[in-house]
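Accompanying notes for the structure given below.
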Amino acid sequence: MADLRVGVLTSSDTRSAGEAEDTSGAALRELSEARGWTVVDYRLLPDDRDAIAAALVEMADETCCDVVFTTGGTGLGPRDVLPETTLAVCDREVPGIGDVIRSESLKITDRAMISRGTAGQRGTTLIVNMPGSEKAVRESFGFVESVIEHAVEMMAGGGHG
């Protein structure tokens with residue numbers, strides 16, 4: 001088990017304003033730590049594209065997170081901008097992660113088909129968008145956790161083994 005450096009970013013107007021608790025961000029921290037990974041950065045931001053982009057860049061380039069898990073902002077609401085913002089700051093998309101989250105989630109709820117979450121690579125940092133509810137975060141994390149360490153290893157120049 002690798003000791004990955006993890007960042008967690010929650011995108012939510014209501015949670016950042018203190019109107020609701022950030023249970024999905026807390027779940028991502030808990031799930032990461034249960035894998036033996038170290039959460040080195042946590043951000044709770046409003047659904048603001050510029051603020052989110054700046055935070056993702058800082059978490060990747062300055063904090064040197066191996067992986068940044070985001071939660072929230074993946075739906076169809078007018079302020080849901082996480083997928084676009086993620087792709088704007090990434091060097092390349094890793095579409096299979098979002099595809100798996102949607103396909104596995106579709107077995108649980110038909111609402112999964114309107115989730116737009118994606119994943120991308122910025123340098124040697126993997127950014128993974130997850131839905132905004134704690135339940136969906138826990139499910140989604142379970143669908144992809146087994147490939148995260150291998151993905152990070154590959155981005156650092158490791159083999160395909």
Report task. Treating Ile, Leu, Val, Met, Phe, Trp and Tyr as nodes and any side-chain heavy-atom pair under 4.5 angstrom as an edge, say whether Leu126 and Val147 lie in one connected cluster. Result -> no
Report task. Search all heavy atoms of Asp48 against all heavy atoms of Arg79 and return the closest pair with its distance. Result -> N-NH2, 4.2 Å
Query raised in the report: Would Ile101 and Ser115 satisfy side chain to side chain contact (heavy atoms under 4.5 Å, CB included), going step by step from the backbone distance to the final call?
Result: CA-CA 9 Å; Ile101 290 172; Ser115 177; 5.8 Å; no
Query - Considering all heavy atoms, the nearest Ala112-Arg102 contact - result: O-CG, 3.5 Å
Query raised in the report: Do Val81 and Leu87 belong to the same hydrophobic cluster, where Ile, Leu, Val, Met, Phe, Trp and Tyr are linked whenever their side-chain heavy atoms lie under 4.5 Å apart, directly or via other members?
Result: no
Report task. Indicate if Val137 and Ile108 have the same hydrophobic cluster label, given that clusters are the connected sets of ILVMFWY residues with side-chain heavy-atom separations under 4.5 angstrom. Result -> yes
Query raised in the report: Quick one: CD1 on Ile148 to CH2 on Trp37, what's the gap to the nearest 0.5 Å?
Result: 5.5 Å
**Report entry** Hydrophobic cluster membership, Val100 vs Met130, 4.5 Å side-chain cutoff
**Finding:** yes
Requested in this report: Hey, could you give me the OG/CD distance between Ser32 and Glu145, rounded to the nearest 0.5 Å?
Outcome: 9.5 Å
Query raised in the report: Minimum heavy-atom separation for Val40 to Cys65, with atom names?
Result: CG2-SG, 3.8 Å
Report task. Please report the C-alpha distance between Thr85 and Thr70 in whole Å, then the side-chain angles of each, then the deciding distance to 0.1 Å, and finally whether the side chain to side chain contact (heavy atoms under 4.5 Å, CB included) criterion is met. Result -> CA-CA 11 Å; Thr85 307; Thr70 71; over 6 Å; no
**Report entry** Phe143/Ser105 under side chain to side chain contact (heavy atoms under 4.5 Å, CB included): CA gap, chis, key distance, verdict
**Finding:** CA-CA 9 Å; Phe143 303 145; Ser105 295; 3.5 Å; yes
Query raised in the report: Linking I/L/V/M/F/W/Y whenever any side-chain heavy atoms sit under 4.5 Å apart, do Val39 and Leu9 land together?
Result: no
Query raised in the report: Does CZ belonging to Arg111 count more than 12 external heavy atoms closer than 6.0 Å?
Result: no
Query - Heavy-atom donor-acceptor pair, Glu139 side chain to Phe141 backbone, under 3.5 Å - result: no
Query raised in the report: What's the spacing between Thr63 OG1 and Arg43 CZ if we round to 0.5 Å?
Result: 5.5 Å
Query raised in the report: Can you tell me how far the CG atom of Leu82 sits from the CG atom of Asp47, to the nearest 0.5 Å?
Result: 8.0 Å
Report summary line: Closest non-hydrogen contact found for Asp61 with Cys64 is O-SG, 3.9 Å
Report summary line: Minimal heavy-atom distance between Ala119 and Ile97, with the atoms involved, is CB-CB, 3.8 Å
Query raised in the report: Ser24 and side-chain hydrogen bond (donor to acceptor under 3.5 Å, both in side chains): which partner among Lys135, Arg138, Arg15?
Result: Arg15
**Report entry** Distance (rounded to the nearest 0.5 Å) between Leu45 CG and Ser11 OG
**Finding:** 7.0 Å
**Report entry** Exercise: identify the closest heavy-atom pair between Ala53 and Val89
**Finding:** CB-CG1, 3.8 Å
Query raised in the report: Under the 4.5 Å side-chain heavy-atom rule for ILVMFWY, direct or indirect, which residues accompany Leu106?
Result: Leu76, Met113, Ile114
Query raised in the report: For the side-chain hydrogen bond (donor to acceptor under 3.5 Å, both in side chains) test, which of Thr86, Thr74, Thr71 pairs with Asn129?
Result: Thr86
Requested in this report: List the steps, then state whether side chain to side chain contact (heavy atoms under 4.5 Å, CB included) holds for Asp66 with Arg5.
Outcome: CA-CA 5 Å; Asp66 296 305; Arg5 293 173 53 84; 3.5 Å; yes
Query raised in the report: With sequence neighbours left out, which residue pairs that include part of residues 84-93 fulfil the salt bridge (Lys or Arg N to Asp or Glu O under 4.0 Å) condition?
Result: Glu84-Arg116
Query - Inter-residue atom distance Asp3.CG - Arg35.CZ, 0.5 Å rounding - result: 12.5 Å
